[in-house]
Every structure is written in C-alpha cells, then in structure tokens.
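Since the structure is predicted, the reported quantities are computational estimates derived from the model, not experimental observations. All chains are named by letter (A, B, ...) in the order of the sequence lines, taking the proteins before the strands, and each is independently numbered beginning at 1.
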Amino acid sequence: MPDISVILPDGSKRDIPSGSTVEDLARSIGSRLAQAALAAKVDGRLVDVGHTLSGGETVEIITDKSPEALEILRHSAAHVMAEAIKELFPEARFGIGPAIEDGFYYDVELSASLTPDDIGRIEERMAHIVSQAQPFDRAEVTMPEALEVFEEEPYKLELINELPADETISVYRQGVFTDLCRGPHIPHTGRIGAFKLMKLAGAYWRGDSDRPMLQRVYGTAWFTQKDLDEHLTRIQEAERRDHRKLGRDLDLFSLHEDAGAGLPIYHPKGARVLRMIQEWMRAELYRRGYDEVITPHIYKADVWKTSGHWDNYRENMYFFQVDEGEGRINDYGIKPMNCPGHIMVYKNDLRSYRDLPMRLFEFGTVYRHELSGVMHGLMRARGFTQDDAHIFCTADQVHDEVIAMLDLVDHVNSAFGFEYTAEVSTRPAKSMGSEDMWEVATEGLIGALKARGLDYEINEGDGAFYGPKIDIKLRDAIGRTWQTATIQADFNLPERFDITYRTAENTEARPFTLHRTILGSMERFLGILIEHYAGAFPLWLAPTQVVIVPIADRHLDYCASVQQELQAVGVRVETYAENEPMRVKIAKAQQQKVPYMLVVGDKEAEQGAVSVRDRTQGDLGAIPVGEFVAMLETTQSGQ
RNA sequence: GCCGACGUAGCUCAGCUGGUAGAGCAACGCACUCGUAAUGCGUAGGUCAGGGGUUCGAGUCCCCUCGUCGGCUCCA
C-alpha cells in the first residue's frame, strides 16, 4: 500500500501507510502516545482517533494534556449520562448535552421529575458504563437517514431539520444510546477517569421561555479522581467565601422576608465598608473632573413616559398612585435608573460647547422589580446603589472621555487587586440612531480600548438598542469572573429629552451621552469584595481595624486610654471588655477577621505598650502605642 | 415568571412509617481574672415561614401564599 505523509506539530513529516487512522499514526509514533490519544486536531479541526487520514494534513494528537481534552471528555461524559438515563427511563427524549465550563449537562424530557435518588441511580449506571469501556462509534448518515434514526426524538428532529441540506450528519453510538453529534469523542467510555452529577434544574428548550421546560442534569468529569477532588474542594472554597454567609457571620447586612425579597439591609459594619468605598471613590471622581449630584428616588410617571421606561421597562418598575387632593391622582414611579435626574440637571440651563464635557455622578439608589427567581444575596437585588455617572460631550470628545473612564476602571480594579477583561457590544438588529452615530460611538469605544492597550472581545450585535457599550469583567481571588463596570453610549435619552448645546458656530447640536458605572452596583461590588477577600478586608476597608483584648478586668482603664488614642487618629477600634478568657476574645477577633488584635496586660499597661497580633502572622510582640499607630499608617498608605 | 428542592430557637442542624419539639454554638446569670483560636455551672429561648384543609390527633400528609437555594429566562 502506498505511503502517505502527514505533518506533525513540530513541523516534521511522517510517512504512514495509506488508509491509516489517527490511532495508527499515534501507534507508529509510540505506544505510550497511542495509549494516551483521545482525539486529534487535523488541519485545525477536531476529529476522533478513528478518523482516516488522507495525507498532507497537519495532525496534532490530543491527549489529556491538551487544552481541548477536558471539553472532549466532558462532552463524552454527557453522552454516557444520556445512555444511563435512557437505560433507566426508556421514555426519555433528549435535547442537547454539551460540555460547559467545569463539566457538562444534558437536557431531557421525562414523564416524571427526577429526584436526588434518581441521580444516584444514574451515577451508578454511568459507573457501570464507564467500567465496560464502551467504544464511541461514529457513523455518517444522510439527512433522510438521520430523520429516520431519530424519528422518536422530537428535539433531535428539530435540530436536524435546521441543518443545511448538504451537511454531513454524524451520529455517535455507544451502548443503547445514539446521538446526533458533531464529535469528536474519546475512544471509549473507560477513559472517563472521574465524574459526579452535581445538580438538577429546569431549563427551557433552546432557552426560550415559550417552549417546553426540560430537566437539566449537570455533571462534572475529569481525567483523574484527584482532579475531581480538587474541583470539589474549589467548590467548597467558594462556599466558604459565600458573601451571604460571611455577611451574616461578620454582621455586615441582612435580608428579611418581612421587608421584601432582594432588599438588603446594612448593619453598622456593612454600612461602614460601603461608605469607605464610596468616600474613596468620591475623592477619586472629584480629582477626575466629575461633579456630584443628588436626585430624587421617585418621579412623576410623565418623566418615565418621556424617558421610555413607561413603555419599555414598566414591568420592572414600582409605580404607585398618590391622591394629591381634590380628586387629582398622579402616578409616580420609583427610579430604576438615574438618567432622568442627571438629564434634568443638564437641561436646567442653556449649555454651550464650553460646558462640555459635563460629568455628573451620583451614588444613586435604584429599585428594579427583578423576577423572583433571580435574586442572589447582594449580587442580584431589587434595591441597589449604582456608582452612576453620565457624561455629556461632543462627538470628538467621546474618545478621550472613554479613555479617562478606562483609566479609572484600571485604577479602581488594581486598588482591589482585580484583573479584568473588556468586551465591546456592537449594534443590534433592533436599534435606534443613525449609522453615523453608531460608527462614531463604536469607534470611540474601540479606539479608547486600543489607546489604552486593553485587549477586548467583540460581541457582535449585543449592544443595547440605544448604543454600543464596553463591559468590564473582573476576575476574583479564586478565578471567578464578575461583570461590574459598563460604559455605554446612549443615543436615546438626548433625543427623548431633547437636550442640546450651542456650538462654537452658534448652532444648536445634540450632545453625546455616555453612561457609565465603574463599580456597577455597590451591593454587588461589596458582595464580590467579600468573596474575593474571603471576608478578610484589607486594613483600609476593615469595618473594625483593631480589637483591644484586655487580659483581666484591671486592664480596662488602660484599654480605654489606648482606644481613645487610636480613635483620635481615626482608627476604627473596639475593646472586647466582656468577661471572657483572653483566648476566647482572640478567637472571636480572628473569626471576625479583624486585621489587628492588641493584647494588653500588666506588662503593657506599665510600659504604655500593646502586644500586637496580626490576623495572619500572629503575635508580633509588644511595641509602644505610638509605634503601632505609625505601623497602621504605613500599612494603610500602601492602598 | 418557569422547573426542582427547601423553610424547626439568633446560628448550624436532629426529629423513623402522623401521637402533643431536641442538641451544639450564641444570649442571659453566677463563679473564675486568665498571656495569643473557644473556662465551668446554671437559666431562658420555638404559633415548627404564614394561611387553609384532611385526621380523634399534623413539625410530619394535601392545597395556596411568602421566602430561601440551584438552574432557566430576563438583565431597559
């Protein structure tokens, strides 16, 4: 048989007999590689190890070391789960079952709801299937054949019917389960080293709330038990950091059924942290040419009619009626956004190009009636405070304004130790504003990102109908991403409220409006910070920075004088004066994640000193009070 | 809003197939006055989320509402 040759990733050529598969190639290179081969990338396209090579391709063997490997494994695990479900529930009809970050899921339609017991049974079946090392068999079929194979699978039929008529349709079979699938898959089910089913949820078919709701089973899969264990440990770590739990343990905030869902109530310590962030932010904004405004929480409905909220956002708003006397009844709406107030400030006077850019900011508390199922502690609430600002500027100022915002984003994120990425969303199908405006605004955004050397992804057509936007996603201490800052151009409001300015040529022009938040919502940002720091706020944010721990009652007087001395220089300090052994007080302060504990006994009282205990480093020994204050100042100025 | 699970003391949880509610921590009181992560003893604390129903009897079974959790959808 004549040889063909393929190119390996290192650029070398390798001759193999014609008709060889990827597996044959791997074996010809080495038996270890043949053992390790999971799939391959042929000319950049992922294929199974059973794929027949035709010669001339560039071939990269995928092993469990490859970046694509886990995704392939998890996709295969989804098929194994589907097989198990089909064995247990023959009436099951299948939707889709992709690999996702950290795992996979499969959507199925069943006559009855799955229970946690069922999950256990499915896992057992899966373990059995894995132990059998069932091969994944690939076959290519024509459209009519595919329609026949899946005649009892309405969801699969829907997917097939949407494929282009000339598409090669591949199906994969292992055991009793056959799936419409592009592949590739691992060679056989035995390669799934470790898996676990994680949770059950409802999911609309194709994400459409008008279509049937299927049952979604989530799982995770890894090459080794060790990897799975580490994954489970990471989940535990995330639970340990959960801001809802820490918020209670650290006495930061609470949520009350009686008060209403999604309405966080801040306790003194939570309020203190929030105010620290706001004060810091406010100083930063003044420095950057912003002016603070304060606007009402409610407006007459007419305002919301003008702004468009009445027509487009009403179901998310709280409206109420007020009897103003003599039978006059007015509708009022609670603000879900701060724009109208800021616009009114702008509109209050004639504006000239000399006034621009005008940067108005507000810590504006807004209320949105979010769907009942979406609330999540501080991260998703119905009442929250945005660090909101609107910049009114001319077209040619957009670029510099956006650069300034990105600069602020960078400053803020690095102050808290976050890395971040940017995404640009462009014009959607349904949108307003001229092509020209979109062009200018989108270029302004992208140009600014480039000027700052920030990498970004583009979400084509994902912008708001009123303008393009940049979203900033930050990455916390354990690698999770959160959306916080958003920078949006808005063509809608200037139009609706008919705001203008006088140009240098004494003509009337419409300003550009840029809407932006840097922290997003204070609630969400605080929640992210709590989880990022696992509750151990850095010194400058810690609600209590120092706890004084007297050893015995006779030291209380001295404690009071130390406390006064610290308070005098603005240190947030408490004394644990209750009648407990000192070990207990230290344990409590550690649990409260207080940065410094000052142990005070006979020795310290005599010498005018304090024994400093750092929450992470432990006992640092005794130093004079003045020295401790200097130490705090040094640490704090690092911020 | 939709699917599923859940809601017992301030917190974490126990309470089997219906028979009149329990622990640890926290709180309060007393004793101990203590040297770097939890002193001992005692006391008090619950309309078992709320409402309705089934039953001789409901924390336990059924229905509704509210809330929480995990997803979906939404995120002008």
Side-chain angles (χ1 to χ4, degrees), chain A residues 95 100 105 107 109-110 112-116 118-119 198-218 239 242 244-245 248-249 251 254-263 304 307-317 336-337 339 366 368-377 380 382 462-467 469 471 483 486 488 490 492-493 515 520-521 524 547 549-556 578-592 597-604 611-615 617-622:
Chain A
I100 53 172
Y105 67 80
D107 285 344
E109 183 180 72
L110 289 165
S113 304
L114 289 169
T115 65
D118 294 329
I119 294 301
M198 303 300 286
K199 53 200 172 196
L200 274 172
Y204 297 113
W205 169 236
R206 314 199 83 174
D208 183 343
S209 54
D210 294 328
R211 312 281 319 256
M213 182 162 272
L214 308 180
Q215 299 188 59
R216 177 171 295 179
V217 187
Y218 284 92
E239 280 169 10
D242 192 316
R244 292 165 300 189
K245 179 177 161 43
R248 187 171 50 234
D249 292 349
D251 199 17
S254 55
L255 292 155
H256 299 262
E257 186 173 337
D258 297 340
L263 300 170
W304 303 117
S307 69
H309 288 83
W310 180 270
D311 289 328
N312 298 306
Y313 202 58
R314 184 151 32 147
E315 66 283 9
N316 277 304
M317 285 179 66
M337 296 177 198
C339 339
V366 297
R368 298 181 184 175
H369 189 259
E370 302 288 356
L371 292 177
S372 61
V374 305
M375 254 82 72
H376 181 89
R380 193 74 189 272
R382 283 180 172 160
D462 213 27
F465 81 89
Y466 53 75
K469 61 174 179 174
D471 287 324
Q483 210 232 287
T486 180
Q488 310 187 346
D490 189 333
N492 185 42
L493 288 175
H515 167 113
S521 100
R524 159 175 276 242
V547 158
V549 178
I551 288 179
D553 290 349
R554 65 176 176 280
H555 307 120
L556 284 174
E578 62 273 22
N579 185 10
E580 296 279 7
M582 157 230 207
R583 283 203 315 282
V584 174
K585 297 178 194 175
I586 288 186
K588 194 177 142 202
Q590 286 285 155
Q591 278 160 3
Q592 289 296 305
M597 285 146 271
L598 301 182
V599 176
V600 164
D602 292 332
K603 244 178 9 198
E604 289 78 7
S611 275
V612 181
R613 180 188 163 95
D614 179 290
R615 71 180 160 196
Q617 294 165 261
D619 192 354
L620 300 182

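Nucleotide B/rG22 forms a Watson-Crick or G-U wobble pair with B/rC13, both donor-acceptor distances falling under 3.5 Å. In a base pair of the Watson-Crick type (N1 to N3 plus N6-O4 or O6-N4) or a G-U wobble (N1-O2 and O6-N3), with each distance short of 3.5 Å, B/rA31 is matched with B/rU39.
No donor-acceptor contact under 3.5 Å links the side chain of A/Y204 to the base of B/rG71. The base of B/rG71 does not come close enough to the side chain of A/Q215 for any donor and acceptor atom to sit less than 3.5 Å apart. Interface remark: the A/R380 side chain does form a donor-acceptor pair with the B/rC74 base, using a distance-only criterion of under 3.5 Å.
Backbone-only engagement by A/A261 is indicated by non-hydrogen atom pairs under 4.0 Å involving sugar-phosphate atoms exclusively. At a threshold of 4.0 angstrom between heavy atoms, the contacts of A/D602 include nucleobase atoms, whether or not backbone atoms are also involved. Contact annotation for A/Y105: no contact, since no heavy-atom pair falls under 4.0 Å across all strands. Counting any heavy atom pair closer than 4.0 Å across all strands shown, A/H376 reaches sugar-phosphate atoms only and no base atom. Across all strands shown, A/K588 has no heavy atoms under 4.0 Å from either base or sugar-phosphate atoms.
Salt bridge A/D619/A/R613: absent, no basic N to carboxylate O contact under 4.0 Å. Between A/R244 and A/D242 there is a salt bridge, since a side-chain N of the basic residue sits under 4.0 Å from a carboxylate O of the acidic one.
Both tests pass for A/R216 against the ring of A/Y105: distance under 6.0 Å to the centre and angle within 45° of the axis.
Nearest nucleotide to the side chain of A/R382, out of B/rG67, B/rC72, B/rA76: B/rG67.
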